[in-house]
*Asks:* 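Okay, here's the structure, questions in a sec.
Basis for what follows: all heavy atoms, side chains included, without hydrogens, waters or symmetry-related copies. Throughout, protein chains are lettered first and strands after them, A, B, ... in sequence-line order, and every chain is numbered starting at 1. Being a predicted model, the structure only gives us computed values, none of them experimental.
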Protein chains: 2
Amino acid sequence: MVEAVNRFRPGSQQRGEDTRRRILETAFELFASDGFEGASTRTLAERAGVNLPAIQYYFGSKEGLYRAVVEQITDRMEARVAPLAEHIRVELDAGQPPRRQLVAMLCDMLDIVISLMFDENAPDRDSQQKFFARIEVEPNAATDAMQDSMIRHVLRPCTAIIGRLLDRPPDDEQVKLRAMMIIGQAKIFCGWGTSRVLHWDTVSEARVRAVQTVIREHIEAIFRSVRSS
Amino acid sequence: MVEAVNRFRPGSQQRGEDTRRRILETAFELFASDGFEGASTRTLAERAGVNLPAIQYYFGSKEGLYRAVVEQITDRMEARVAPLAEHIRVELDAGQPPRRQLVAMLCDMLDIVISLMFDENAPDRDSQQKFFARIEVEPNAATDAMQDSMIRHVLRPCTAIIGRLLDRPPDDEQVKLRAMMIIGQAKIFCGWGTSRVLHWDTVSEARVRAVQTVIREHIEAIFRSVRSS
DNA sequence: GCGAGACTATATCGATCGATTGACATTATC
DNA sequence: GATAATGTCAATCGATCGATATAGTCTCGC
């Protein structure tokens, strides 16, 4: 079987590009609120204003569309985190930074995570939070890759820093525990945080800074008390 | 239409009681791993070793079964938390406890939450964690009630204590933020915690205590540094 | 302006879902 | 042991799902 040279490329023209983007945006919102199985391709097509076969046309299958959504979020997350992750790696490789700098880098990382949760002036902030909560309960090849990316770009730099702060290897169990707990302080806002407890219908920049300030205080307090044993 | 006086009661006899319990257990595991829409009544009936109509017979509908599962978990959670929640309420009503006692009570509450996540020697610990993560993304009349229960029995006592520690009203935004973050340190273990980062295939009692010890240190460190402003 | 490729529309397929029917088996009660 | 209540069973219904077949429209290069 000879493969055709000029394969057709969905979304290569103007009209198709718009349609493809519209499907992707709607799928992001619908998958976030209803999940992969809960979101039907029919309501998705209707809400996006496209035909039912358009999903198969542009993304191959419903699963392919889900993959595309996850990869988009993963890329967005990596783009925001990667620079700091690289900076941390370089600083730690250069030697032993002073304690104050280690804590500062850890706080900077959590700042970015917080700003990711409350993605400023993004209309899909709510979907973003819901989707982050969903990857915990929808095991998948795509979501697994996203989790790996988050572990590599967020958790691993944190454990590296905390390992230095506690004078323990990065894969030490206590180091991993503390890293997870500190990240958990930010991750809690993916769930019933903003909607049910805090009644934040609008997320102002001041509120995001408030969250970042509090988590900074917690981190600094923790590593002012907890030192290498 | 006259209502019959002697309504039939599914599960009132020995055999039916066993069947009912078997369905409930299997539903707990299946809903936890596959979600409400992902879990089909057919695979559920097959795995529980019962017929397909047995679900409607004992629980009215699939949704009724889901409700029963959620209520069972909610009751289990309330039974573990309620005594301490009441103790905290009484102590705070009596006056202003010393700072040390406030922190101790907060740590005790988190101890219980941790032990709930890692429900010792329970065969369904994995399902428990998954289900706790699911209620964040599966809005429902039943899950909403469970969230309300968790807010009332866990979050509210924590905010009450933290309000005293910071000399602020319990509904102060900074108080609620700190309470959520502290609980988030425990809640993080519902997700990719035990399985992907820590590679805990078995959860020993020592590991649970390790988590409790670390979170105690964090709480004590936070309120050693952060005081009323 | 015409033909090829890019894109959209209608109708429908097979599979699976939750729920129901109606008959049968078991158990309790008198 | 007869009768009614309780529990189980195979068969099937209508609805909805994801995917496809097929035909039509639009756009751009020549």
*Asks:* Residues two or more places apart in sequence or in another chain: which of them pass side chain to side chain donor-acceptor pair (under 3.5 Å) with B/Arg216?
*Replies:*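 With sequence neighbours excluded, B/Arg216 shows a side chain to side chain donor-acceptor pair (under 3.5 Å) to B/Asp108, B/Asp111, given in chain and number order.
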
*Asks:* What's the CZ-P distance between B/Phe59 and D/dT8, to the nearest Å?
*Replies:*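 Spelled out: CZ on B/Phe59 to P on D/dT8 is 12 Å.
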
*Asks:* Contacts to DNA chain C from residues 61-68 of chain B, heavy-atom cutoff under 4.0 Å, which residues?
*Replies:*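 Contacts with DNA chain C under 4.0 Å: B/Ser61, B/Lys62.
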
*Asks:* Restricting to ring pair (Phe, Tyr, Trp, His ring centres under 6.0 Å), what partner residues turn up for A/Phe132, sequence neighbours left out?
*Replies:*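 Listed in chain order: nothing, the list is empty.
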
*Asks:* For B/Glu29, give me all partners under side chain to side chain donor-acceptor pair (under 3.5 Å), at least two apart in sequence or on another chain.
*Replies:*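 Applying side chain to side chain donor-acceptor pair (under 3.5 Å) to B/Glu29 gives none.
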
*Asks:* Below the 4.0 Å mark, does C/dT8 have OP1 or OP2 next to a side-chain nitrogen or oxygen of A/Thr19?
*Replies:*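 Yes, because at least one side-chain N or O of A/Thr19 sits under 4.0 Å from OP1 or OP2 of C/dT8.
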
*Asks:* Whole-Å distance between D/dC9 C1' and B/Leu52 CG?
*Replies:*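 Interatomic distance, CG of B/Leu52 to C1' of D/dC9: 11 Å.
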
*Asks:* Take atom OH of B/Tyr57 and atom P of D/dA10, then tell me their distance rounded to the nearest Å.
*Replies:*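 Distance check: B/Tyr57 OH to D/dA10 P gives 17 Å.
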
*Asks:* Scan A/Ile55 against the nucleic acid and name what it touches under 4.0 Å (heavy atoms): base, sugar-phosphate only, or nothing.
*Replies:*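 Nothing, no heavy atom under 4.0 Å.
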
*Asks:* Between C/dT10, D/dT8, C/dT8, which nucleotide has the shortest distance from any of its atoms to the side chain of B/Asn51?
*Replies:*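 In terms of side-chain proximity for B/Asn51, the closest of C/dT10, D/dT8, C/dT8 is D/dT8.
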
*Asks:* Under a 4.0 Å heavy-atom cut-off, which of residues 138-145 of chain A touch DNA chain D?
*Replies:*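 Output list: empty, so none.
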
*Asks:* Please name all residues satisfying salt bridge (charged side-chain N to carboxylate O under 4.0 Å, His left out) with A/Glu63, sequence neighbours left out, ordered by chain then number.
*Replies:*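 Partners of A/Glu63 under the salt bridge (charged side-chain N to carboxylate O under 4.0 Å, His left out) test: A/Arg67.
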
*Asks:* Rounded to whole Å, please give me the gap between CD in B/Gln56 and C1' in D/dC13.
*Replies:*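 Atom-to-atom, B/Gln56 to D/dC13, this comes out as 13 Å.
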
*Asks:* Looking at DNA chain C, which of residues 25-46 of chain A put a heavy atom within less than 4.0 Å of it?
*Replies:*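 Residues of residues 25-46 of chain A under 4.0 Å from DNA chain C: A/Arg42.
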
*Asks:* Given atom CZ of A/Arg20 and atom P of C/dC7, what is their separation to the nearest angstrom?
*Replies:*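 Result: 10 Å.
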
*Asks:* Flag the pair A/Arg152 and A/Asp148 as a salt bridge only when some basic side-chain nitrogen lies within less than 4.0 angstrom of an acidic carboxylate oxygen.
*Replies:*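 No salt bridge links A/Arg152 with A/Asp148.
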
*Asks:* Any heavy-atom pair between the side chains of A/Glu173 and B/Arg207 that's under 4.5 Å?
*Replies:*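 Result yes, sub-4.5 Å side-chain heavy-atom pair found.
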
*Asks:* Taking salt bridge (charged side-chain N to carboxylate O under 4.0 Å, His left out) as the test, write out the residues that go with B/Glu78, two or more places apart.
*Replies:*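 B/Glu78: no salt bridge (charged side-chain N to carboxylate O under 4.0 Å, His left out) contacts found.
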
*Asks:* Would you kindly give the CD-to-P distance between B/Glu17 and D/dA5, to the nearest whole Å?
*Replies:*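 It works out to 21 Å between those atoms.
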
*Asks:* Identify, with sequence neighbours excluded, every residue that meets side chain to side chain donor-acceptor pair (under 3.5 Å) alongside B/Gln72.
*Replies:*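 None.
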
*Asks:* Which residues pass the ring pair (Phe, Tyr, Trp, His ring centres under 6.0 Å) test with B/Phe36, not counting sequence neighbours?
*Replies:*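 Per chain and number, B/Phe36 pairs via ring pair (Phe, Tyr, Trp, His ring centres under 6.0 Å) with B/Phe31, B/Tyr66.
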
*Asks:* Can you list the residues that meet the side chain to side chain donor-acceptor pair (under 3.5 Å) rule with B/Arg76, with sequence neighbours excluded?
*Replies:*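 Expected list: B/Gln128.
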
*Asks:* Under the salt bridge (charged side-chain N to carboxylate O under 4.0 Å, His left out) rule, collect the residues that match up with B/Glu46, sequence neighbours excluded.
*Replies:*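 So B/Glu46 forms no salt bridge (charged side-chain N to carboxylate O under 4.0 Å, His left out) with any residue.
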
